[in-house]
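First the proteins, then the strands, lettered A, B, ... as listed; each starts at 1. These values consider heavy atoms only, across backbone and side chains, with no hydrogens, waters or symmetry-generated copies.
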2 protein chains.
Amino acid sequence: MAERNVSLKDISVACGVSIATVSKALNNHSDIGQETKEHVREVAAKLGYRPNAAAQALKTNRTNNIGVLFVDEANSGLTHDYFNHVLNSFKKTAEENGFDITFINGGKARINNMSYLSHAIYRGFDGVVIACVDFSDPEVEELVKSNIPVVTIDHIFYNRTSVVSDNVNGMKELVQYVYDQGHRRVAYVHGAGSSVTQNRLTSFYKTLQELGVEIPDEYVVVSPYRDTDAAFEATNKLLDLKEPPTCIFYPDDFAALGGINAIRQRNLRIPEDISIAGYDGLEIAKRLAPRLTTVVQNSEKIGEIAATKLIDLINNPKGTLVEQIVVEGTLEPGESVKKII
Amino acid sequence: MAERNVSLKDISVACGVSIATVSKALNNHSDIGQETKEHVREVAAKLGYRPNAAAQALKTNRTNNIGVLFVDEANSGLTHDYFNHVLNSFKKTAEENGFDITFINGGKARINNMSYLSHAIYRGFDGVVIACVDFSDPEVEELVKSNIPVVTIDHIFYNRTSVVSDNVNGMKELVQYVYDQGHRRVAYVHGAGSSVTQNRLTSFYKTLQELGVEIPDEYVVVSPYRDTDAAFEATNKLLDLKEPPTCIFYPDDFAALGGINAIRQRNLRIPEDISIAGYDGLEIAKRLAPRLTTVVQNSEKIGEIAATKLIDLINNPKGTLVEQIVVEGTLEPGESVKKII
DNA sequence: GGCATTTTCGAAAACGTTTTCCTAAAATAT
DNA sequence: ATATTTTAGGAAAACGTTTTCGAAAATGCC
C-alpha cells in the first residue's frame, strides 16, 4: 500500500481538463467531445487507472455486489454438494452481469456482531440471495422484510421471489417409479427440518396414497438431512422390523451412503436383497456401484435463474414482479432399485 | 432503497454534538467523555445506525474484505470437493477476525474485463488468497507481484507466503504402505498440470526408487486431474497391458471412481483382483465400499492457516515474515489395497 | 486566585467519485 | 451581420466517514 492508486484527478491534470470531464469521458457521457474522450481514455490507460469501488458506491449507492447468505446448521454451506453447485452457477451468471459476490457471514463470527440485515446494509449489497439457511431464524425474517432485493432458493416467502426445486413432483416420479418396479413395502428416512424435506415427505405420502399403498408408521423414521451416520442408524432400525421394507427412500444421496453401509454390514446386497433410492443427483450417485436411483435436481438452472431474477429486481425494483419459479428435476433410474416380478 | 440510511450526521443532530464527536464516540476514542459516549451510542442504537462500509473504506483505505481467487480449469472452483473444504475453513476464520470474503471473478465473466489485479484494486481488498488456479497465468503473476498481501494455497511463489499440503511426504507414506502390503508392480495415473500433482508423481518415483522398485514407463499414464472418464480410459490402458499392475495409484479420489468403474466393468474385484489408491481423503473415500485407501489432506487446517497468515500480513505488512507452511496429511489405509502373501 | 495541565469537544479537510447546473464557444439559422 | 441553438466543458456540491489540530472548559497545584 505504499504508492497511491491513480485517481481521476491525476488523469485530469495529465490531460489538462477538469475532473468532471474525465469522469464523463470514462463513463461515455454524451456531452464530451469525441477526441477528448479518446485522449482521456488513452491517458487513463497509460497511467493504469482503475476506478475506486468505494468512492463509486458512496456516490451512487450502487455496489455491484450481491450478498450471499448460505449457512446451514452444520455451518458447512460451501461443502454442501448440492448448494455449492447452485452457488457456483449463481456466481457465474452474476459475474457475467457485472456483479461480485460476497458472503453474509453467519454463526457467531459476525463482524461487529451485526445481524444479517445490518451486514447487508453495511456492505451496501444491491441484492441478497438466501439459501441453505434456517429460514425460521428471526434474522432471516428481518432481512426478508427489508427493502433490499431478495431472492430465496428452495424456500418460499410471501412477497419475495423464490426459485425452488420441484421436490413435490420429483418425489412423485420417484415413488411412481419404485411402485412400477413392483415395490409395495417402501420406507422413508425423513430428513426433518426444512420445507424441502417436508415437501418430499408429503409428496411421498400423497403419491402412495393415490396409488393405494398404505405404509405403517414405523416405515417412516426421522434422521437429520445429509447425515450418513444417522441414516446408518435409521436404516438399522428399519431392517430390524419384523417385516422390513423392500425399498428405502433417503432424504438425500449422501444419507443414502449411510444406508448402504448399514445394508452391506448385514451382508445384504443392493438391489437384490433390498432396494434404495436417494435424492439430489450428486456426482457420487452416478459413481456408486450400483448406480444410485435418485432424482437429480437441476442445480445449475436454479442458480442461474436465481441470479437472473435478482439482477432484474436490482435493476428494476418496482417493475419486476414477484414470482415463484419451480425448476424440474429429472428421475435417474440408476440400478439400486430392483424390479420385483 | 426508498429511505436513506441513518448517518453520523443524523446522530449528531439528534445528540446536539458534532459529527466528529459521534464518530469518535462510536469508535471509542479516548478524547470523548464517558457520558457523551454512552449517550451517543444509545441514540445511535435507537436510530438504527449502521456504518457505511464504502465511506469507511474511502477514508481509511481498509475494506475488511479479502479477495478470493478460486478458479480451476473446469471453472468448477466451488464444486471442487477439496478446495471448497479449504475455502469453507478459510472463510470461517476470516470471518471470526472481522473480514468478509468476496470472489475475484475469472474466466471471461469479468467486471469491465478487469484483470485479477485490477479487480482487487478496484474492490480495495486488504488481501488476497489464491488457490486452485492456473498459476502460470500471467494475470496471476501480475497479482503476485503486486504490493497487495497475498497468500497462496498449494503453490509456492518466491517471496510470497504459501501454505501447501505435504504431497511429497503424503505420497511417500502411501507408496510405502502399498509396498509394505507386498505390491511391486504399481502404476500411476498422473493428473498432469499442477505443481501439486507433479509433487505427487515425483515423490512416487523417488520413494519407489529408494525402495529399489523399478517401474516400466507404461505404468505411468497421464489423465487430467479430477476427471473420472479420463481415469476410466487410463485404467483400461493399464489393464490391457500384458503384465498389468497389481495396484494403481490415482491422482485424486474422484479420478479413482473412474478407475473403479473400469475395473468393475471387467468383473474384477477390488482389492482381491486389483488394488487401488486415491489421494485427497474426500468424504466419499470413507463411504465407498471397499473404503478407499488414500491420503487425507488436512483441508481445514490449510484454510485456517492461510487465513491467519493473510490477516497477519494485512495487519502488519512489513513485520510479518514470508514463509512456506507445509501441512501434513494422514494416511488412511482403507480397504482397497490387498495384502499380498 | 493564578497558572499549568488535562479533558473534552468541534471545524474543517480529505478520501475519489458522480452529477447538477452553468457558461462560453462554436455552429447554425435568419 | 445578428440571433438562436447546439456542443463542449467546468465549478462545486455531495455521498459518509476519519482525523488533525486547535480551542475551550475543567481540573490540579501552590
Just to confirm, is there a sub-4.0 Å distance from OP1 or OP2 of [N] to any side-chain nitrogen or oxygen of [X]?
{"X": "Tyr122(A)", "N": "dG16(D)", "result": "no"}
{"X": "Thr36(B)", "N": "dC9(C)", "result": "yes"}
{"X": "Asn61(A)", "N": "dC15(D)", "result": "no"}
{"X": "Ser23(A)", "N": "dG16(C)", "result": "no"}

Could you tell me the separation between the [atom1] atom of [X] and the [atom2] atom of [N], rounded to a whole number of Å?
{"X": "Ile121(A)", "N": "dG16(D)", "atom1": "CD1", "atom2": "C1'", "value": "15 Å"}
{"X": "Glu35(A)", "N": "dT7(D)", "atom1": "CD", "atom2": "P", "value": "15 Å"}
{"X": "Asn64(B)", "N": "dT17(D)", "atom1": "CG", "atom2": "P", "value": "15 Å"}
{"X": "Asn5(B)", "N": "dG16(D)", "atom1": "CG", "atom2": "C1'", "value": "11 Å"}
{"X": "Ile19(A)", "N": "dC21(C)", "atom1": "CD1", "atom2": "C1'", "value": "17 Å"}
{"X": "Arg62(B)", "N": "dG16(C)", "atom1": "CZ", "atom2": "C1'", "value": "20 Å"}
{"X": "His29(A)", "N": "dC21(C)", "atom1": "NE2", "atom2": "C1'", "value": "15 Å"}
{"X": "Asn28(B)", "N": "dT19(D)", "atom1": "CG", "atom2": "P", "value": "14 Å"}

Scan Arg50(A) against the nucleic acid and name what it touches under 4.0 Å (heavy atoms): base, sugar-phosphate only, or nothing.
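Sugar-phosphate contact only.
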Remember a base hit wins even if backbone is also touched, and classify Lys24(B) as base, sugar-phosphate or nothing at under 4.0 Å, heavy atoms.
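Base contact.
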Could you say whether Ala54(A) or Thr21(A) is positioned toward the 5' end of DNA chain C, judged by the nucleotide with the nearest heavy atom to each?
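It is Ala54(A) whose nearest nucleotide is closer to the 5' end.
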I want to confirm an ordering. Mapping Val17(B) and Leu58(B) to their closest nucleotides on DNA chain C, which one lands closer to the 5' end?
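Closest to the 5' end, via its nearest nucleotide, is Val17(B).
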Examine the side chains of Ser118(B) and Arg50(A) and answer whether a donor and an acceptor come within less than 3.5 Å of each other.
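Ser118(B) vs Arg50(A): donor-acceptor pair found between side chains.
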Identified side-chain contact (heavy atoms from CB on, under 4.5 Å) counterpart of His119(A) within the set Val128(A), Leu69(A), Ile104(A), Leu143(A)
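That would be Ile104(A); it is the only one of Val128(A), Leu69(A), Ile104(A), Leu143(A) passing the side-chain contact (heavy atoms from CB on, under 4.5 Å) with His119(A).
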Between the side chains of Lys46(A) and Glu42(A), is the shortest nitrogen-to-carboxylate-oxygen separation below 4.0 Å, so that they form an ion pair?
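So Glu42(A) does not pair with Lys46(A) through a salt bridge.
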At less than 3.5 Å, do the side-chain atoms of Lys59(A) and the base atoms of dG16(D) form a donor-acceptor pair?
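Counting by modelled atom types and ignoring angles, no donor-acceptor contact under 3.5 Å is found here.
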Using the closest heavy atom to pick a nucleotide of DNA chain D for each, name whichever of Gln56(B) or Asp31(B) lands nearer the 5' end.
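It is Gln56(B), whose closest nucleotide lies nearer the 5' terminus.
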Out of curiosity, Ser162(B) OG to Ile130(B) CD1, how far, rounded to the nearest 0.5 Å?
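If I round to the nearest 0.5 Å, the distance is 11.0 Å.
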Closest to the Ser7(A) side chain: dT18(D), dT17(C), dA11(C)?
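Between dT18(D), dT17(C), dA11(C), the one nearest the side chain of Ser7(A) would be dT17(C).
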Qualifying residue for ring-ring contact (aromatic ring centres under 6.0 Å, His included) with Phe70(A), from Tyr82(A), Phe83(A), Phe103(A):
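Of Tyr82(A), Phe83(A), Phe103(A), ring-ring contact (aromatic ring centres under 6.0 Å, His included) with Phe70(A) is met by Phe83(A) alone.
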